[in-house]
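Everything below concerns the one structure shown next.
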There are 2 protein chains.
Amino acid sequence: MANIKDIAKKAGVSVTTVSRVLNNHPYVREDKREAVLQAMEEFNYQRNINAVHLSKGETLLIGVVVPFTNHPYFGLLVEGIANEAMKNNYKLVLFQTNYEENREIEALKMLQHKQIDSLIICSRICGWEVISQFTEYGPIVLCEDARNQNVSSTFIDHYMTFTNALEYLYNKGHQKIGYCIGRRSGANSRQRGKAYSDFLSRIGESYNEEYIFYECLNFEHGEEVVQRLLNMENPPTALLVTSDFAAAGIVTSCREKGIRIPGDIAIMGFDNQPIAKIMHITTLEIPLVQMGKKLMLQAIDSESHTHEEISVKLIERQTV
Amino acid sequence: MANIKDIAKKAGVSVTTVSRVLNNHPYVREDKREAVLQAMEEFNYQRNINAVHLSKGETLLIGVVVPFTNHPYFGLLVEGIANEAMKNNYKLVLFQTNYEENREIEALKMLQHKQIDSLIICSRICGWEVISQFTEYGPIVLCEDARNQNVSSTFIDHYMTFTNALEYLYNKGHQKIGYCIGRRSGANSRQRGKAYSDFLSRIGESYNEEYIFYECLNFEHGEEVVQRLLNMENPPTALLVTSDFAAAGIVTSCREKGIRIPGDIAIMGFDNQPIAKIMHITTLEIPLVQMGKKLMLQAIDSESHTHEEISVKLIERQTV
DNA sequence: TCTTGCTATGAAATGCGTTTCATAAATTAA
DNA sequence: TTAATTTATGAAACGCATTTCATAGCAAGA
């Protein structure tokens, strides 16, 4: 395979000039530029990108950390990220962590080793003390409130959102409210948990462990929730479900078991995925694609750390 | 940042020896190895991976081309690919093409430029005449029957599968059978189309354009299908739906409109996604995660071109 | 004792493009 | 006309690790 040197020789110029042509530098006389292009054509020259990377110290690659690729929440987020990456001529390196800390650290190490230019962490598992060790190597962008950290972030105020949702249900007459969530730990989960217990003490209800459903990620998990609901002596009358797909699963399963919605139980979803619309699920709209776009833009911006709060909109439909 | 030269100097050895330590070459005396490791420790040495790539001509990066990241079919496939990549210490570069040919070509060019070691194309848009121009640069793996091409592939015999499914419905007493599919073109779609028309002529039914539903990818598309169904004078009595999510959407929408399943219309899904189980949808199980795994293994194998046919299993439930 | 063969090590070549610096020529401004 | 710019070009340094080749020491086998 021909390299820049061969081209230079063939075109009768220096490698510098070839490099200038390659990078559209203005200071190249037209006839020489032609000659270089001609030589490239003839040799079917392909620039060795790894050499470019070594030389420039950048890769046009952005790492994206997600726990699961196969989840509608991250699906939409990655869609937004991917679209914007495309526009800016960046490519994505995908890290599926399954919430294993080591996977996330691998991604951070790729940043450190300059194999990627920036890293977007869509759902974090590592502690801040780990993350902060890597901030010097390139932009790290988080999808959670990270305003007091040395990174950029695009986030939702989950405390406020959750509080508002609970108040909304309360105002509809519900006092026994439960919620379904993906994982126990995680910054967003903690915010929500806090909002929940604060709300309970405000309305004078006691905390009932039974009303909280973890590992509730997907459509298929709805069935388990409904099963547990059926076994309860004193089930909640409303459920906040942090994923529309899980909410859809719950709705479907309820219908099957003859539980009326919202009569017997009110269901409120999250995200406003298309499925929520079809199934008329009341939900909180989270503009995931747009968030993905912002995350990408922050990842590209190596100059400054920014923080963008995204607001959430209530979509009233028929399950509350 | 320290480089291999600094380490060599510090440890009082040559760069070659440092490289040997780095790559676990056996011919290094224990005390020198220690000294090198010591020096690395002291300087907090980080190997420049781009230099490694340039030198070795490989990147441990595998490209993955999907039309949409946010689709359960590709979600599962990528999950399988990602898991296997992880095991083998490879990382993924994700290309979301939205079925734009140029995106796919970009991916192929990254293979050509050795920015990725191999390329997995989960759903192809480029013609073979394009693909074949890139086969010399590294393994290209397809997720369709590509036995007569210069690539590897893991695939399903969609002609046979579709035929069997149609026969199954026919044997259940259906003669007016339609189908829902994602896109018009594409190798798999063509195979299915052929199976469909062959089947029709075998049973002596005429081809009814109305019975075919395109762009039927997701849950939300089920609603449109049902709407069209309702407007038909002579609707089909059975529908083959090439995605469980779309099937689930159809089932949900039918329930809402009071169309009985399988009484008024039988629905047969594809993939056996979890949603199909919950909604009791009869479906054809496609082991997508396993297919992803095989695709990855083929991508890593640069020695030979292999072709793996994956068989599909009928899962009988309650919608047929 | 002499030949093989293995262990251990380093110098130098290799992979390849970018960028800095120096220089020369051609313009433009004063 | 002189000074200051701008244009154009190339040599050489730089980014960094891997790999080939050569060499030397040492051990095992003939």
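Chain A is the first sequence line, chain B the second, and so forth, proteins listed ahead of strands; every chain is numbered from 1. Since this is a predicted model, take the numbers as computed values, not measurements.
- Remark: P of D:dA13 and NZ of B:K5 are 11 Å apart, rounded to the nearest angstrom.
- For B:S118, the side-chain contact (heavy atoms from CB on, under 4.5 Å) partners two or more places apart in sequence, or in a different chain, are B:I62, B:P139, B:A299.
- More than 12 heavy atoms of other residues, nucleotides or ligands shown are found within 6.0 angstrom of NZ on B:K91.
- For A:S243, the side-chain contact (heavy atoms from CB on, under 4.5 Å) partners two or more places apart in sequence, or in a different chain, are A:F245, A:A246.
- Along DNA chain C, read 5' to 3', the first and last nucleotides having any atom under 4.0 Å from a heavy atom of chain A are C:dC16 to C:dT20.
- Checked by atom type, the side-chain pair B:N102/B:E106 shows no donor-acceptor distance below 3.5 Å.
- An OP1 or OP2 oxygen of D:dT18 is reached within less than 4.0 angstrom by a side-chain nitrogen or oxygen of B:N23.
- When the side-chain contact (heavy atoms from CB on, under 4.5 Å) test is applied to A:Q133, no partner is found at least two apart in sequence or on another chain.
- A donor atom on one side chain and an acceptor atom on the other are not found under 3.5 Å apart for B:T97 and B:E104.
- Taking the ring-ring contact (aromatic ring centres under 6.0 Å, His included) definition, one finds that A:F74 meets it with A:H71, sequence neighbours left out.
- Annotation: proximity of residues 13-21 of chain A to DNA chain D (heavy atom, distance under 4.0 Å) is found for A:V13, A:S14, A:T16, A:T17, A:R20, numbered in ascending order.
- Every residue was checked against the ring-ring contact (aromatic ring centres under 6.0 Å, His included) condition with B:H307, not counting sequence neighbours, and none meets it.
- Checked by atom type, the side-chain pair B:S123/B:R183 shows a donor-acceptor distance below 3.5 Å.
- Sorted by first and then second residue, the side chain to side chain donor-acceptor pair (under 3.5 Å) pairs with a member in residues 134-143 of chain A read A:Q112-A:Y137; sequence neighbours excluded.
- Looking at residues two or more places apart in sequence or on another chain, you find a side-chain contact (heavy atoms from CB on, under 4.5 Å) between B:H158 and B:I156, B:N188, B:Q191, B:R192.
- When rounded to the nearest whole Å, the span between CG of B:N3 and C1' of D:dA17 equals 9 Å.
- DNA chain C lies under 4.0 Å from no heavy atom of any residue of residues 35-44 of chain B.
- Both A:L54 and B:G12 sit near DNA chain C, but only B:G12 has its closest nucleotide nearer the 5' end.
- Atom CG in A:N48 sits roughly 14 Å away from atom C1' in D:dC16 (whole-Å rounding).
- A heavy-atom distance below 4.5 Å is not found between the side chains of A:E308 and A:M291.
- Not counting sequence neighbours, the partners of B:Y99 by the ring-ring contact (aromatic ring centres under 6.0 Å, His included) test are B:F68.
- Within a heavy-atom distance below 4.0 Å of DNA chain D, the residues of residues 24-31 of chain A found are A:P26, A:Y27, A:V28, A:R29.
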